[in-house]
Amino acid sequence: MSTREGSWAWILQRLTAVLLLALLGAHFFVLHFVPSETYITFSGVAARLQGVLFWVIDFGLLVISLYHGLNGVRAVALDYWPRVDRSLSLALIIIGLIATLYGGRALTVFIRGM
Amino acid sequence: MPEDTFALRIFRFDPESGKDPGYQDFQVPRGGRSGGLTVLEALFYVLEHQDPGLAFRYSCREAICGSCAMYISGEWKLACQTQVGHALEGNVVTVSALPHLPVIKDLVVDMEPFWRNYEKVKPYLINDGPPPEKERLQSPEDRKGIQEMADCILCAACHSACPSGIANEDYLGPAALTKAYRFVADSRDTAREERLTLVGNEQGIFRCHTIFNCVTSCPKGINQTYSIQQMKKLVMKRNLGLQL
Amino acid sequence: MIYHPVLIVGGGLAGLRAAIAVHDAGLDCAVISRVHPVRSHSVAAQGGINAALGNAEGARDDTWEKHAYDTIKGSDFLADQDAVERMTREAPARVYEMEHWGCPFSRLADGRIAQRPFGGAGYPRTCYAADKTGHALLHTMWEQCVKRGIRTYQEFLVLSLTVREGRALGLIALNILTGEIVPLAADRILFATGGAGRIFGRSTNALINTGSGLAIAYQAEVPLKDMEFIQFHPTALFGTNILMTEGCRGEGGYLVNAEGNRFMEKYASKAMELAPRDIVARSIQTEINEGRGFGKGGAGGGYIHLDLRHLGAKKIKERLPGIRDICLNFAGIDPIDTPIPVQPGQHYTMGGIDTDVTGAAPVEGLYAAGECACVSVHGANRLGGNSLLDTMVFGKLAGDAMAESLAGNANRTEPAPEARTLLEEDLRKTRDRAHRLMAGDGTEDPSAIRDRLKDVMIEKVGIFRDRGTLTEALAEVRELKERVAHIKVRSQARVFNLDLVTNVELEGMLEVAEVIALGALQREESRGSHYRLDFTSRNDADWLKHTLAHRTPEGPQLDYSPVAITHYQPVERKY
Amino acid sequence: MYPLKHSPVRANPDLLPRHYRQGMWAWILHRLTGLGIVLFLLMHIWEISSVNRGGGAAFNETMNALRNPLAAFGELVLFIAVLYHGINGIRLILFDLGIGVRRQRALFWGVLVVSGALLALGLSAFLRLIFGTAPALVPWR
C-alpha cells in the first residue's frame, strides 16, 4: 500500500475495530462468564469449537485482530520512520500471512478434535 | 532584589560557536513599563541589557502576525501574548525554540518545512469560472463556515506540537490541512476534488491520529482537528462514489 | 550579483500588490522583506477598507465622488485631489479583485460584501472581514503570490539605496539569517516599507515599523513629503497601545469620560464618535488633560472608556471577535461586560516618500507605495479604512507603471556593467558602515537613545504641539543624533544579529524624527493631525502646501509644493 | 546559509511535558495499549498453536503452565489494556463520524469512566481465576 493513498487502510482500521469489539466481547463472555469447567483444556475447547458460531468467532478473531494489530503497527512506524513504508508493509503482510496460516491450522486441529 | 526578578531560562544555540545547544538563565525584573510583562518584552529586556547576541523573531506584538510562536514553560505559546505571570513555574519561565523544527539560532527556527507543506495544498482560491463584474455572492452562513480556518496566523505552533508527523517532514501537518479545508469549505472554490486528492492520503489527513495537540497549542483557538475530520469524511464519501 | 528588472522592498499589501501587477505584466520581479510577508504590519489592520460599493442599507446612492469628497475633507484639504479621485474611483475594482482572489469578507444577508460606518464618512462604505480585515487581505494577497510563484527574499534588511545621477540602480541589503551584506541590482525599485510609528512612544504599530525605508530613501537624497502629519489613533488600549479598531465605534461603541459623559457631544455633535480621527483623538486628549479621564496622574497619562457593553455579546463576538480576544489576553477584561480603557496613540504616517499618482518618486527608477509613500491622498489626516485602500490602489498603479516603463527592455538578465560597478562601490561603503557600527567606542547605550527618542516624540511632537516643545524636541533629536555616533553593536554574530538590525534601524529613526520635528516646527498653522497650540486655526493663505524635506549634510532642507485642487475648494471642517 | 558547524539542531519538548492534555494522554495510552495487545496477540497465537507442535497434550501442558498468579496478573493487565483500547477506539470512531470533535476532553473522561465500570465488572472473573472461586458479583451466577 502506498502512502499516496491510505484512505482504505484507514477505513478498514475502523471497520475491523467495530467487528473486533463485537467478537472480543463474545470471546470474553464465552471464556469467563459461560459456566464451563474451571480450567481450559484441549477437549473442552475442542468440544466448544464444534459449534459453527464459535468457529466463526475464533477464526474471525484471528484474521481481523491480526489485520487491525499489524496495520496499527504500520501506522505507528510510519509516524517515526516515514520512508520505510514499502518494505515495512511487505514484512507485515508476510508476518500476518504466516500467523494466520499457523493459527488457522491450530484451529482446524481443535475442530477435528485430535 | 531577587524577589523583584524572575529567571528567564532561554534555549540557546549559536551556529557559529560550534558549542552544543543548552539553556541559559537570565534574571529579569518583573514589572514592565505598563505594569504587566509579556515574555516578548522580557526577551527584549535580555537583548537590550544582558545579551545582545540573543536571537528571536517578532513583529506585531499583538498576536496577529504569527512571528513569535515558542515553547514557553511546557506549552506552545506566542511570546507576545503570554504574560510572564502566567508562565512562571516557581520563579522560572522557560523559553525554547519551536520543537521539531530545525533551529537556526536560539529561538529562531527554520520555517522552511512548514512553508513547504503550506504551499503543497494550493493555498489560494481556485475558481474556474470567469470573475463576475462585482463580488461573488456568499451567504453569511457560508462565510461563517470558514471563519475559524481563515483566522489562522500561520505561526506553526500546531505544526510543531503535532506528534503525528513528529519525524516526518512530508506530513502536511495541522496548519496546512486547516488551510486546505479553508478552501474546501469556501463556497466560492471550485477545486474541491483536486484539494481532497492532495490531502486525502497518509501524508495528509490520514496521518492525523486525533490527538488534539494542535487544538491545545493554537493561540487563536482554532480547532484544526475539526477541519481534518471534515475532510476525512469528504474523502470517504468521494471514495464511495457519494455526492460531495 | 542578484538582479531582477523590478525589486520591491516590503512584503506588505502594497508591495505584494505591486509584485502581482509586475508579474502579471510578464516581468520578473522579486520582493525583499525584513520579515516573512505575512508578518508585515498590514496584517494588523482591523476595521476595514473603504470603497463606494453601495452595498449597505442606506448607502445605495454612495458614489466614488462622495468617497473622494469625504477623503479630501477628512484630509483638511491637504490631499492632492486628483490622486484622491484616482484612488476612490479604483476602490471598488480593488475590493472586488480581492474578493475574487478569495478574501473572506464579511457578508450581508443577500451575500454581498458587508459595509460598516467609519469615521468621517457620509455612508457606511467600509468593507470588512470581522475585525481582522488586514489579516484577511494580507493572507489572500500572499496566497496569490504563492500561486504565481513570486520570488521573495525573506528576512533581508535593506541598508541603503544606490542612486547615481538621479537614477536608482539597486540596493544593499543584510541577509539577517546569514549575516551577509549583499548587493541587489534592478532597473525599477519600489519602496513599500510602511510607516515610522515606532519613532514614537505609545504607538499602535508593529515593532518592525521603524521607518527604515523612509530613512534609506531620505539618505539617498529622495525628498520626504508632509512628514509632520502623524496620525494619532483615538483608541489604543491603555498600557500596551494595541489598536482598538475604529470599527468599535463604527458598530456603535461610545466614548465615555470619568464623569460618565459621552463627551464627543461637545466636540462633534453630529458625527459624535465617528468624527475623523484627528478630532476624536484631540477630544480624548483634552478630556484627559482637563482632568476628566480615568487614572489621572498615574503612570501612562490617564485614559477614557470605550464602552461596547450596550452592543451585546452576540454583536461583539460576531463583528469584533479580535478586539475581544485582545482585551481578554492583553488587558484581562471582557468588553462584553467591562468598558475598554483607551488613550490616543501614534498610528499612521501620512507623509512619506514624495511620489506622483503612479508612485514614481523624483528619482528615476524609484517608486513608492503604501504608508511609506505620500501621493498624497491622506493629506493632513487619513480617514479610517483608506490606508488598506491606499496600499492596493497605489501598489497596483506603481506595479503597472514600473512594468510599462520597462516594456520592450525587459530581456536583461543581469545588471548593466556600470550599475554593477557602482553597486559594488556602495557595497564597500555599506560594509564599512557596518564595521564602523561594530567597532564604535560604545560609550552610548542604544536602548537609552531609543527610549529617549520615543518619549521626546510622543511628548513634544504629539497631539498638541507648540513652538516651545517643538524647538526642544528638535534640539533633543539632534543631540541624540550626535550620541548615536558613539554606540557600538555589541554582538559580533553574523547569523541573526538583532543587535545590528536594531541599531541600524535606530540611526534611520533619528533621521526621520528630525524631519518630522522640523516640519512641524516650521508649519505655523493647525491642519488635520498637526495641531499647534500657538496657531490654532488652519491658514490656507500661507500653508495650503506640501512640505518637502531634502537631506543635506547640515540637516533637512525644507521647501514646499502646491496642493492639487480639482473640484473642491477648501472649506472649514465641521462634523 | 552561513556555514553551520552543527548539523540541524532541534529543540525538544519535555519528555513528559506539562502541556499534555486529555487528547495527548488518550493517544499515548491508545498507542501503548495497542502495541502491547499486538505483542500479546502474537504470543497468544503461538501458545494456542502448541497443538500444531504436540497435539492436545502439548496444549494442556501449556495451559497448566500458565495457571499461576503471574500469568493471571498479566491477563488482568491485558484486560485493562483491551478495555481502554476498545472504549477509546469508540471515542476515535465518534470523532470520525464528526461527533464530539469540539468536546474531546469530556469524551476522554467518559472513556475513563466507562472503562472503569467495565473493569469492576470484569474483575469478578479474574478474582475467580486467582482464588478459584468468584465472589457473587455477577448477578446471573
Side-chain angles (χ1 to χ4, degrees), chain B residues 14-16 33-36 38 44 47-49 51-67 81 83 104-106 108 111 115 118-119 122-125 127 131-140 142-143 146-147 150-154 182-183 186 188-189 220-221, chain C residues 35-36 38-41 43-44 53 92 95-97 99-102 104-114 129-130 132 134-136 139-140 143-144 146-147 177 206-208 238-240 242-243 299-300 322 325-326 329-330 446-447 489-499 502:
Chain B
D14 179 359
E16 295 166 74
R33 291 234 290 190
S34 55
T38 64
F44 268 108
L47 176 72
E48 287 179 1
H49 301 288
D51 188 344
L54 184 63
F56 55 94
R57 287 194 175 104
Y58 59 87
S59 174
C60 76
R61 67 84 177 81
E62 56 179 81
I64 191 72
C65 79
S67 297
Q81 199 180 19
Q83 294 292 329
I104 292 171
K105 181 177 178 180
D106 296 342
V108 177
M111 293 279 282
W115 294 120
Y118 165 83
E119 292 187 11
K122 300 205 170 183
Y124 39 82
L125 190 89
N127 189 311
E133 194 188 323
K134 294 188 170 181
E135 66 266 56
R136 290 194 174 97
L137 298 183
Q138 182 173 49
S139 72
D142 283 346
R143 165 64 178 73
I146 58 170
Q147 171 78 57
D151 272 351
C152 172
I153 59 173
L154 300 171
R182 178 243 173 281
F183 290 105
D186 194 319
R188 300 168 293 174
D189 191 88
K220 303 310 279 183
Chain C
V35 289
H36 185 285
V38 302
R39 319 297 189 210
S40 306
H41 186 51
V43 81
L53 307 182
V95 170
Y96 289 140
E97 172 181 82
E99 198 282 329
H100 295 155
W101 285 345
F105 284 111
S106 293
R107 300 289 173 152
L108 296 168
D110 63 7
R112 290 178 306 153
I113 296 171
K132 298 169 190 169
H135 174 266
H139 279 236
T140 303
E143 287 158 11
Q144 291 300 313
V146 169
K147 181 179 180 183
L177 288 184
L207 301 173
I208 55 171
F238 181 71
T240 61
I242 295 175
L243 179 65
D325 281 349
I326 291 170
N329 289 322
F330 291 91
S447 56
V489 174
R490 293 156 296 171
S491 169
Q492 302 297 310
R494 295 190 55 157
V495 177
F496 220 94
N497 188 337
L498 273 188
D499 198 29
T502 56

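Here is the naming used below: chain letters follow the sequence lines, and residue numbers restart at 1 for every chain.
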Q: Would you mind reporting whether C:Val38 and B:Tyr118 have side-chain heavy atoms less than 4.5 Å apart?
A: no
With chain C, the option among B:Ala55, B:Gly221, B:Cys60, B:Pro140 that has the most non-hydrogen atom pairs under 4.5 Å is B:Pro140
Whatever's closer than 4.5 Å to a heavy atom in chain C on B:Leu54 counts as backbone
Rounded to the nearest 0.5 Å, the OH atom of B:Tyr58 sits from the CG atom of C:Leu498 at a distance of 5.5 Å
If you tally heavy-atom pairs under 4.5 Å between each of B:His49, B:Gln138, B:Glu133 and chain C, the highest tally belongs to B:Gln138
Separation between CZ (C:Phe496) and CD1 (B:Ile104), nearest 0.5 Å, reads 7.5 Å
Whatever's closer than 4.5 Å to a heavy atom in chain B on C:Ala493 counts as both
Applying a strict 4.5 Å limit to non-hydrogen atoms, the region of B:Asp106 in contact with chain C is neither
Honestly, the part of C:Ala114 sitting under 4.5 Å from a heavy atom of chain B is neither
The reported gap from SG in B:Cys65 to NE2 in C:His41 (rounded to nearest 0.5 angstrom) is 10.5 Å
Under 4.5 Å to a heavy atom of chain B? For C:Ser106 that would be both
Here the pair of heavy atoms bringing B:Gln81 nearest to C:Asn329 is NE2-ND2, 2.6 Å
Output for pair (C:Leu243 CG, B:Glu62 CD), nearest 0.5 Å, gives 7.0 Å
Applying side-chain contact (heavy atoms from CB on, under 4.5 Å), run through B:Met111 and C:His36 and close with a yes or a no. CA-CA 10 Å; B:Met111 293 279 282; C:His36 185 285; over 6 Å; no
Heavy atoms of C:His135 and B:Cys152 approach each other most closely as NE2-O, 2.9 Å
Could you check whether C:Arg107 pairs with B:Glu135 (Lys NZ or Arg NE/NH1/NH2 to Asp/Glu carboxylate O, under 4.0 Å)?
no
Okay, B:Arg61 and chain C: the region with an atom under 4.5 Å from a heavy atom over there is both
The reported gap from CD in B:Glu48 to CG in C:Asp499 (rounded to nearest 0.5 angstrom) is 9.5 Å
Taking every heavy atom of C:Arg39 against every heavy atom of B:Ile153, the minimum-distance pair comes out as NH1-O, 3.2 Å
With chain B, the option among C:Lys132, C:Arg112, C:His100 that has the most non-hydrogen atom pairs under 4.5 Å is C:His100
Stepwise side-chain contact (heavy atoms from CB on, under 4.5 Å) test for C:Glu143 and B:Phe183
CA-CA 11 Å; C:Glu143 287 158 11; B:Phe183 290 105; 3.2 Å; yes
Here the gap from B:Ile64 atom CD1 to C:Ile326 atom CD1, rounded to the nearest 0.5 Å, amounts to 7.0 Å
* To do: Using a 4.5 Å cut-off on heavy atoms from C-beta on, say whether the side chain of B:Arg57 contacts that of C:Val35.
  => no
Taking the side chain from C:Lys147 and the backbone from B:Tyr124, do they hold a donor-acceptor pair closer than 3.5 Å? no
Note to self: Let's go through C:Leu207 and B:Phe44 carefully: what are the C-alpha distance in whole Å and the side-chain angles of both, what is the deciding distance for side-chain contact (heavy atoms from CB on, under 4.5 Å) to 0.1 Å, and is it a yes or a no?
What the structure shows: CA-CA 11 Å; C:Leu207 301 173; B:Phe44 268 108; 3.6 Å; yes
Turns out that what part of B:Phe56 lies under 4.5 Å from chain C's heavy atoms comes down to both
- prompt: Going through the checks in order, is the side-chain contact (heavy atoms from CB on, under 4.5 Å) test met by C:Arg490 and B:Asp51?
  reply: CA-CA 9 Å; C:Arg490 293 156 296 171; B:Asp51 188 344; over 6 Å; no
The interface call for B:Ile146 against chain C, heavy-atom contacts under 4.5 Å, is side chain
Comparing B:Pro123, B:Ser139, B:Ala63, B:Ala150 against chain C, the one with the most heavy-atom pairs below 4.5 Å turns out to be B:Pro123
Is there a donor-acceptor contact under 3.5 Å from the side chain of B:Ser59 to the main chain of C:Ile208? no
Exactly one of B:Arg136, B:Lys134, B:Arg188 clears salt bridge (Lys or Arg N to Asp or Glu O under 4.0 Å) with C:Glu99, and that residue is B:Arg188
